[in-house]
Amino acid sequence: MKIGIYGGTFNPPHLGHIAAARAVFELLGLDLLFLIPAGLPPHKSMPAGSPTPAQRLEMTRLAGEQLGLDGKVKTLDIELHREGRSFTSDTLAQLKARYPEDELWLLMGTDMFLTLQAWHEPGEILSLAGIAAFGRTEEDTEELFAAQRDYLYKTYPQARIFTLTVPGVVDVSSTELREALAGGEGAGLLAPAVYGYILREGLYNTNADLKHLPLSHLRPVALSYLKHRRIPHVLGTEQEAIRLAERYGADVEKARVAALLHDCTKRLGMEEQLMLCKQYGIRLDELERQALKLLHAKTGAAIARDVFGVDDEIYSAIWYHTTGHAGMTKLEKIIYLADYIEPSRNFPGVDKLRKVCYEDLDKGLLLGLEMTIEEMTAMGNPVHHATVEARDALKG
Ligand code: ATP
């Protein structure tokens with residue numbers, strides 16, 4: 001197996017890192033890529049006001065997800081837990097012990113490659129891993145790399161070096177980005193979920209007021225809560241909610257906010273869900289205590305209100321988006337259905353449901369509720385009483 005190892009301060013990880021990682025992954029044919037945020041970097045001191053190691057770890061994980069390689073990219077915290085200064089040679093030795101049969105490749109940009117001989121134990125590094133070096137700007141030419149490559153080969157005969165050009169190289173550094181972010185700029189140089197996380201955590205003096213976020217900022221913040229594969233669903237729900245709100249004369253802005261936040265706790269496990277229920281005083285019935293799917297609607301509504309200050313209308317649209325209930329408001333119906341029929345949904349009957357939803361909102365809702373009840377019953381799953389009551393109320 002070929003394993004790539006990409007270390008950095010990742011303060012924050014940006015599109016330059018992502019473009020380089022993607023290029024190496026493809027060109028070297030890696031099977032696995034580890035992103036490793038450095039603990040105490042030997043090369044540079046951390047600027048004051050930097051995020052905590054845990055926050056850098058989470059930003060790096062979110063940036064890694066942007067690569068869309070699923071389980072082939074993993075973010076490791078091995079340097080963050082290490083006592084004292086963090087050296088690449090120690091990290092490589094640790095990984096070599098874990099993967100003795102595999103080929104390790106260390107990824108690095110121009111600045112790191114040109115100073116490799118000055119690192120701690122460069123000979124050890126070059127024995128343990130091949131070097132995949134790439135330019136950080138269009139000006140980082142092959143001649144620049146060639147001289148260093150020749151020098152390293154002469155000095156360290158065991159060296160294996162692969163130099164490459166990153167297609168669509170993104171000329172940015174984390175230092176520049178931190179300054180830009182403090183001035184309200186830089187979003188375009190980050191993966192959306194990383195930018196959202198920065199706003200949410202108030203990093204780099206962004207000072208966003210989470211309770212009054214414009215939609216352009218709320219969207220990346222909402223994405224930062226999601227598993228990467230759920231992003232198309234949430235963006236699709238936003239689009240569907242806009243269309244339904246326009247069709248039925250509802251408040252489009254509220255529909256968008258509810259759609260963006262409706263799954264904000266979906267990725268949490270049972271234990272975390274139950275902790276949130278306790279924290280927000282959410283009372284659960286027997287069925288809800290066992291069904292994760294039912295809990296996320298309630299905890300999501302609680303977070304939407306507590307963190308983002310949504311009003312009661314949006315709160316209840318999120319709260320009821322999974323079960324529905326008797327006597328739903330227009331916004332509740334819109335979010336329930338937008339979640340159900342958004343463009344990335346693909347199940348038997350979805351086209352008919354879509355059609356009915358745009359002919360008559362209540363008929364669409366009734367059909368959606370009936371389909372849910374039918375499906376749950378066929379699978380042998382209990383149906384929540386609120387869903388049955390919603391259907392019965394509509395049937396009159
Ligand atoms: P700083 O501004 O603090 O120097 P940085 O942008 O270089 O930060 P690091 O986390 O220190 O980010 O870099 C980690 C690795 O990514 C290094 O090997 C570096 O050369 C490489 N790298 C950084 N920026 C880019 C970029 N825009 N394109 C390609 N590689 C990059």
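One-based numbering, in listed order, for ligands and for the atoms of each. One-based numbering along the sequence shown.
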Margin query: Give me each pair satisfying ring-ring contact (aromatic ring centres under 6.0 Å, His included) with a member in residues 245-275, each pair once, sequence neighbours excluded.
Written below: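 Non-adjacent pairs meeting ring-ring contact (aromatic ring centres under 6.0 Å, His included): H233-H262, H262-H321.
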Which atoms of ligand 1 sit under 4.0 Å from any heavy atom of [X]?
X: G16; value: 26 (C), 27 (N), 28 (N), 29 (C)
X: F134; value: 29 (C), 30 (N)
X: G8; value: 10 (O), 14 (C)
X: G7; value: 14 (C), 15 (C)
X: S174; value: 2 (O), 5 (P), 6 (O), 8 (O), 12 (O)
X: F10; value: 10 (O)
X: S173; value: 2 (O), 6 (O)
X: V170; value: 26 (C), 27 (N), 28 (N)

Checklist line | SB check R305 D312 (cutoff 4.0 Å) | finding: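 Yes, R305 and D312 are salt-bridged.
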Is it the case that atom [atom1] in [X] sees more than 12 heavy atoms from other parts of the structure closer than 6.0 Å?
X: E253; atom1: CD; result: no
X: K211; atom1: NZ; result: yes
X: E374; atom1: CD; result: no

Would [X] count as a polar contact of ligand 1, with the cut-off being nitrogen or oxygen pairs under 3.5 Å?
X: L107; value: no
X: T175; value: yes
X: Y6; value: yes

Item checked: Per atom 19 (C) of ligand 1, closest listed option by heavy atom (R136, R178, M108) ->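 Looking at heavy atoms only, R136 sits closest to atom 19 (C) of ligand 1.
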Check: Hey, looking at atom 20 (O) of ligand 1, which of D111, I36, V169 has the closest heavy atom?
Finding: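 Looking at heavy atoms only, the winner is D111.
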Item checked: For ligand 1, the portion of E176 having any non-hydrogen atom under 4.0 Å away ->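 Looking at E176 and ligand 1, no heavy atom falls under 4.0 Å.
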Notebook entry, point to check: Quick one: do L189 and L35 end up in the same hydrophobic cluster if we chain Ile, Leu, Val, Met, Phe, Trp and Tyr together by side-chain heavy atoms under 4.5 Å apart?
Noted result: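 Same cluster.
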Note to self: Please verify the inter-ring angle class for H17 with Y6; under 30° counts as parallel, over 60° as perpendicular, anything in between as tilted.
What the structure shows: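 H17 vs Y6 ring planes: perpendicular.
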Margin query: With salt bridge (charged side-chain N to carboxylate O under 4.0 Å, His left out) as the rule and sequence neighbours excluded, what pairs involving residues 224-237 come up?
Written below: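 Every pair satisfying salt bridge (charged side-chain N to carboxylate O under 4.0 Å, His left out) with a residue in residues 224-237: R230-D263.
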Item checked: T372 and Y340 side chains, donor-acceptor separation under 3.5 Å ->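 Their side chains do contain a donor-acceptor pair, which is all the 3.5 Å distance test asks for.
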